[in-house]
**Q** 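Have a look at this one.
Keep in mind that the numbers below use all heavy atoms, side chains included, and drop hydrogens, waters and symmetry copies. All values derive from a computational prediction rather than experimental measurement.
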Amino acid sequence: MTTREKIFETIISVLLICAMAATLGSYTKARSYDRDNIVGLYAEKKNSLDMIYVGGSACYVYWEALRAWENYGYTSYNFAANTLTPQSIKYCIQEALKTQSPKLWVIDLRPFQYGNEKKKNGEVLNMYDEVAIRNVTDNLKHSTLRKELIDISVPAGQGKMEYYFPFLKHHSIAINNLLRDCFHVFTGELNFDDLVFFGFQNKKNTLKGFAFINKTKAMDFTDYSHITETKPLQGVINEYFIDLLDYCKSVSIKPLFVVHSYCQKEEHKQKFNYMKQVIESYGFDFLNTNDYYQEVGLDYSFDLYNENHVNVFGAEKYTDFLSAYIKDRYEMPNHRGDPDYAEWDTCLNEFNARTAQAKREILIYAKESNE
């Protein structure tokens, strides 16, 4: 074998190993909301979404895309991951723009509220937490954009190769997950198409990024709508905030920056007041739904499952408020009755059935919790 042939063989071998590691990396994580939401966006028909909602867990348990479809006929999707880091938002938008061109972007501001807060162990900031970073990067398709996000997210001194190729860290999990899924295909519990689509990050999310949490917990609400003081974001997190605004301006997208309805603290309100000033100085729209708590109509004794998130009862109220707000202020199309969007009616039937089941389970949970 000549030297040239050896070099060629080596290059081919390396490429095959990288391709295998990238594909098997799709199985390094258990099925999760993060995985289903991100992979599901890739499976949406190109340029079929009228609105994309980017955010953390306070996005995918709040916004019911199929309820908005049922009421108004525009298509939307939750491109969301648990504990989404603030630096990820711009990259999520860039990733979505590869296949979609929505008329409206709704952007969750809460990652900027807690990104520079320390985790409960008091050691690592939320924005540099490995799990939070991996919730996004492990599930994105391999690209230079994904690499850039890893490069700015992983703290200095930590190895990045295992982020580039999650299989290197979780190879045993990947193999176990793959074998498990193959067994489920054999027993009929999983379709072969699902196995293939999941492996190649192209699995439909029939709930359009929504997640059902079937719990309830009574919470206390304090109205801070009268607070006008501001508290600027500090350090790198403010840099990421300004960078996001500059990016939105540079690509001429139309964002609505939102704060979800939750048990807001006074300091959080002050931060959001600062963000509101800066956002509006760029000519963008801002909405803190906590300032409209009466219009939203949440029952804080029942519609939440912790201080930061709603259950399906609360999600319905939030979605009804925000979807009507969007309809009144933005030119959104109505695709109902269009055969090209028949899939949305099929998904709606499943969503309504699961909503009814979730409500029953919450009522049972509430009864058992009070006994």
Side-chain angles (χ1 to χ4, degrees), residues 33 51-68 71-72 76 78-84 86 89 104-115 117 208-228 231 255-276 279 285-330 355 358-359 362 366:
Y33 300 130
M51 178 186 121
I52 295 179
Y53 206 142
V54 180
S57 58
C59 167
Y60 64 66
V61 300
Y62 275 77
W63 178 253
E64 298 179 331
L66 289 160
R67 187 173 178 87
N71 291 334
Y72 299 109
S76 58
N78 290 331
F79 194 38
N82 191 40
T83 59
L84 186 78
I89 296 176
L104 176 66
W105 293 85
V106 177
I107 300 175
D108 171 17
L109 282 173
R110 281 177 59 185
F112 291 101
Q113 164 225 312
Y114 61 74
E117 295 178 0
K208 307 303 180 182
F210 181 72
F212 289 100
I213 306 295
N214 304 335
K215 298 179 181 180
T216 180
K217 184 177 181 180
M219 305 301 304
D220 294 324
F221 173 77
T222 302
D223 177 17
Y224 291 114
S225 60
H226 62 284
I227 298 295
T228 58
K231 184 173 184 177
L256 167 62
F257 291 90
V258 299
V259 181
H260 302 82
S261 301
Y262 73 112
C263 299
Q264 184 180 234
K265 295 179 174 61
E266 184 173 357
E267 181 184 3
H268 297 164
K269 170 63 173 172
Q270 293 170 346
K271 288 183 180 179
F272 292 134
N273 287 343
Y274 162 75
M275 286 186 264
K276 177 179 185 292
I279 286 168
D285 297 335
F286 170 92
L287 173 66
N288 186 341
T289 61
N290 294 284
D291 294 341
Y292 298 85
Y293 70 95
Q294 291 181 325
E295 292 87 342
V296 176
L298 288 186
D299 178 356
Y300 285 84
S301 70
F302 191 80
D303 292 343
L304 288 81
Y305 67 87
N306 62 28
E307 64 180 7
N308 293 318
H309 302 89
V310 292
N311 56 35
V312 68
F313 288 98
E316 282 191 353
K317 295 174 182 178
Y318 177 84
T319 300
D320 286 348
F321 171 81
L322 185 58
S323 58
Y325 183 95
I326 289 170
K327 177 183 178 296
D328 290 343
R329 289 164 177 78
Y330 304 94
T355 297
K359 288 181 175 180
I362 291 173

**Q** Is there a side-chain contact between E316 and T355 in this structure, where contact means two heavy atoms from C-beta onward sitting under 4.5 Å apart?
**A**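 They are in side-chain contact.
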
**Q** What verdict does the side-chain contact (heavy atoms from CB on, under 4.5 Å) test give for F313 and I362, after you've listed the backbone C-alpha separation in whole Å, the side-chain angles of each residue and the deciding distance to 0.1 Å?
**A** CA-CA 9 Å; F313 288 98; I362 291 173; 3.8 Å; yes

**Q** Applying the side chain to side chain donor-acceptor pair (under 3.5 Å) criterion to H268, which one of R110, Q113, K231 satisfies it?
**A**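 Of all the options given, the one that passes is Q113.
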
**Q** So, the side chain of D220 versus the backbone of C263: is there a donor-acceptor pair under 3.5 Å, distance only?
**A**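 Such a contact is absent between D220 side chain and C263 backbone.
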
**Q** Where the side chain of D303 meets the backbone of L298, is there a donor-acceptor pair that is under 3.5 Å apart?
**A**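 No; zero donor-acceptor contacts below 3.5 Å.
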
**Q** Check this for me: does any side-chain nitrogen of one of K265 and E307 sit under 4.0 Å from a carboxylate oxygen of the other?
**A**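 Yes, K265 and E307 are salt-bridged.
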
**Q** Check whether F210 forms a cation-pi arrangement with R67 (NZ or CZ under 6.0 Å from the six-membered ring centre, at most 45° off the ring normal).
**A**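 No.
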
**Q** Between F272 and Q264, is any pair of side-chain heavy atoms under 4.5 Å apart?
**A**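 With C-beta onward as the side chain, the pair touches.
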
**Q** Taking side-chain contact (heavy atoms from CB on, under 4.5 Å) as the test, write out the residues that go with I213, two or more places apart.
**A**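 I213: side-chain contact (heavy atoms from CB on, under 4.5 Å) contacts with Y33, V61, Y305.
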
**Q** With sequence neighbours excluded, tell me which residues meet side-chain contact (heavy atoms from CB on, under 4.5 Å) with K217.
**A**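 M219.
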
**Q** Test of understanding: with ring pair (Phe, Tyr, Trp, His ring centres under 6.0 Å), list the residues that count as partners of Y318, not counting sequence neighbours.
**A**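 Y318 satisfies ring pair (Phe, Tyr, Trp, His ring centres under 6.0 Å) with Y62, H260 only.
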
**Q** Only one of I107, N273, L109, V258 clears side-chain contact (heavy atoms from CB on, under 4.5 Å) with F286; which?
**A**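 Only one of I107, N273, L109, V258 forms a side-chain contact (heavy atoms from CB on, under 4.5 Å) with F286, namely L109.
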
**Q** Quick one, I227 and Q270 - any side-chain contact, counting heavy atoms below 4.5 Å?
**A**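 They are in contact (side-chain heavy atoms under 4.5 Å apart), so the answer is yes.
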
**Q** Within the 4.5 Å heavy-atom criterion, are T222 and E266 side-chain neighbours or not?
**A**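 With C-beta onward as the side chain, the pair stays apart.
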
**Q** Can you tell me if N71 uses its side chain to pair, donor with acceptor, with the backbone of D320 under 3.5 Å?
**A**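 No, because the side chain of N71 does not come within donor-acceptor range (under 3.5 Å) of the backbone of D320.
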
**Q** To the nearest 0.5 angstrom, please state how far the CZ atom of F221 sits from the OH atom of Y262.
**A**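 One finds 10.5 Å between CZ of F221 and OH of Y262.
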
**Q** Using side-chain heavy atoms (C-beta onward) and a distance below 4.5 Å, is F257 in contact with M275?
**A**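 In short, these two side chains do not touch, never coming nearer than 4.5 Å.
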
**Q** I'd like to check N288 versus K276 (side-chain heavy atoms, cut-off strictly below 4.5 Å). Are they in contact?
**A**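 No, side chains not in contact.
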
**Q** Would you check if the side chain of T289 reaches a backbone N or O of V259 as a donor-acceptor pair within less than 3.5 Å?
**A**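 Yes: the side chain of T289 pairs with the backbone of V259.
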
**Q** I want to check something: taking the side chain as every heavy atom from C-beta on, are C59 and F79 in contact at a cut-off of under 4.5 Å?
**A**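 No - every pair of side-chain heavy atoms lies 4.5 Å or more apart.
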
**Q** Check whether any side-chain heavy atom of Y60 sits under 4.5 Å from a side-chain heavy atom of N82, and report yes or no.
**A**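 Side-chain contact under 4.5 Å: yes.
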
